Amino acid sequence: MKITNAYVNITSPGRNFVTLKIETDEGIYGLGDGTLNGRELAVASYLTDHVIPCIIGRDPFQTEDIWQYLYRAPYWRRGPVTMAAIAAVDIALWDIKGKALNTPVYNLLGGKSREGMLVYCHANGKDIEHALEDVAKHQEMGYKAIRVQSGFPGLASTYGVSKKPGRYEPAERGLPSEYEWSTEIYLRHVPELFARVRETFGEELLLLHDCHHRMTPIEAGRLGKELEPFHLFWMEDPTPAELQEGFKIIRQHTTTPIAVGEVFNSIWDAHDLIRNQWIDYLRMTLVHGGGFTHLKKVADFAELYHVRTGFHGATDLSPVTMAAALHFDTAIHNFGIQEHMPHTDETDAVFPHNYSFKDGIMTPGDAPGLGVDLDEALAAKYPYQRAYLPINRKLDGTLTDW
Ligand code: CS2
Ligand code: MG
């Protein structure tokens, strides 16, 4: 089999998605996701101008060799743009393999290790009362694991809280908007939020919380310790992770489990975190982590150190990544949990798919390949629109981590 053609599709059914379609001489095609929130066109150009010309004529079954070719040949390695482009190719090639062999991708990765995946959703409110209402709503929808975020008095806006009631979508069209931040206010209120959630919903509900890289390690240690009575499933992205040894400080102070990695793009972002057992869950997912070929190695390495997966699954990860992630989650032994932020109906219509949600569990379906498609005629009705993630400033105006 040979790759005969490949092209990038950019569509914006509510938010932007970059999809790579790879076609073969046997009429089978594969889809890969290359969406990088707020930097979509950089990946599209990387693919169209630099990658696609090099893969035409190659055998789509050679996923290892093509991965190494795209990673090593350019000399410039790693980085979110490069790794999202490599992931788009890799995901599409595994889709082709599955379709050619007439089997779901999970069968090529080890077969079923479980029947379905525990997923967590995102509940939020402008204050604690509204957050509690949203938790109740998600519990009624069947979720057994809920990440809870809330606004707090003294902060006009914060990460994870929808500006308007309804779905949370962090990217906004136009230029970046500005949010404000105070770690002091935040730390004062988060324990109260989780005390109220436990009091209202009891012990059985699995609870998560996203800190979105906003604390120093010692502040995160304090928060983890104060949240211990509420038994969180995890505390997510407590501190920026370029300095991996920062996590040693957090670990020394708390037994609250730690998840990190939605912005990672290779094993080298997580190597020390894993081998020192400073984290419990790794969030790097297929689109930003170089696809199946790289992440399978990372997950197998993590398994040796009792680190489980907890893949990022926000709305900026397209249905192609969602499908791919569910195949991956089905097959690996050290699966932990999967994030699920449902897409809009418009997005679901552009990307018809076989995966499904029921009673807090998701399954990838049994269609050959990934079981996800792209309706290109419908996609064309939603042209790209520039959008950015917000930026974040402390109350004195200092730019800080979003
Ligand atoms: C978040 C994301 O889902 C999450 O865990 O941290 O909403 C994140 O802000 C976006 O995916 C960024 O693109
Ligand atoms: Mg997060």
Side-chain angles (χ1 to χ4, degrees), residues 12 14-18 33-43 80-81 83-84 87 119-124 134 138 143 145-151 157-163 166-173 176-179 181 186 190 206-215 220 223 232-241 257-265 269-270 279-289 309-322 325 336-344 347 362 386-392 400-402:
S12 196
R15 64 158 354 282
N16 294 317
F17 295 109
V18 174
D33 181 19
T35 308
L36 185 61
N37 209 0
R39 295 292 184 272
E40 295 86 0
L41 301 185
V43 183
V81 175
M83 297 305 281
V119 297
Y120 73 87
C121 60
H122 181 92
N124 72 96
D134 209 31
H138 283 90
Y143 288 100
I146 303 185
R147 185 172 70 190
V148 191
Q149 308 294 135
S150 166
S157 48
T158 189
Y159 159 73
V161 178
S162 319
K163 282 194 175 160
R167 283 166 199 278
Y168 174 67
E169 171 56 66
E172 292 165 17
R173 287 180 172 161
S177 60
E178 300 208 357
Y179 278 51
W181 182 247
Y186 170 76
V190 185
L206 302 174
L207 293 177
L208 301 86
H209 181 65
D210 192 352
C211 312
H212 225 251
H213 312 109
R214 284 160 183 227
M215 289 176 286
L223 181 62
L232 260 57
F233 187 94
W234 80 33
M235 171 166 82
E236 174 175 328
D237 289 343
T239 196
I258 297 163
V260 72
E262 61 186 50
V263 300
F264 293 178
N265 47 69
D269 293 322
I279 59 168
D280 301 280
Y281 297 92
L282 187 68
R283 292 185 45 67
M284 179 167 78
T285 190
L286 294 150
V287 57
H288 301 137
T309 62
F311 284 179
H312 189 199
T315 43
D316 45 303
L317 307 160
S318 92
V320 176
T321 288
M322 197 63 209
I337 198 167
Q338 168 70 51
E339 178 177 358
H340 178 225
M341 269 203 214
H343 290 108
T344 59
T347 297
M362 287 184 82
R386 186 160 65 181
Y388 287 96
L389 286 166
I391 62 125
N392 204 21
T400 186
D401 300 289
W402 160 253

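Numbering of residues begins at 1 and proceeds along the displayed sequence. Just so it is clear, the model here is predicted, and its values are computed rather than measured. Atoms within each ligand, like the ligands themselves, are counted from 1 in listed order.
- Contact atoms of ligand 1 toward R147: 3 (O), 4 (C), 5 (O) (distance under 4.0 Å to a heavy atom of the residue).
- Heavy-atom contacts of E236 reach the following atoms of ligand 1: 4 (C), 5 (O) (cutoff under 4.0 Å).
- A donor-acceptor pair under 3.5 Å is absent between the side-chain atoms of R173 and the main chain of R386, judged by distance alone.
- E236 contributes atom OE2 as its closest N/O/S atom to the Mg ion (ligand 2).
- Protein heavy atom nearest atom 9 (O) of ligand 1, with residue, atom name and distance: H212 NE2, 2.8 Å.
- Set against the non-hydrogen atoms of P170, the atoms of ligand 1 under 4.0 Å away are 7 (O).
- Counting just the N/O/S atoms of D210, the one with the shortest distance to the Mg ion (ligand 2) is named OD2.
- The name of the N, O or S atom in E262 nearest to the Mg ion (ligand 2) is OE1.
- Between W402 and Y388, the ring center distance fails the sub-6.0 Å criterion.
- Near A314, with a cut-off below 4.0 Å to any heavy atom, the atoms of ligand 1 are 2 (C), 3 (O), 7 (O), 11 (O).
- The shortest N or O to N or O distance between Y168 and ligand 1 is not under 3.5 Å.
- Ring geometry, Y186 versus W181: the interplanar angle falls from 30° to 60°, so the pair is classed tilted.
- In the vicinity of D210, heavy-atom distances shorter than 4.0 Å reach the ligand 1 atoms 1 (C), 4 (C), 5 (O), 6 (O).
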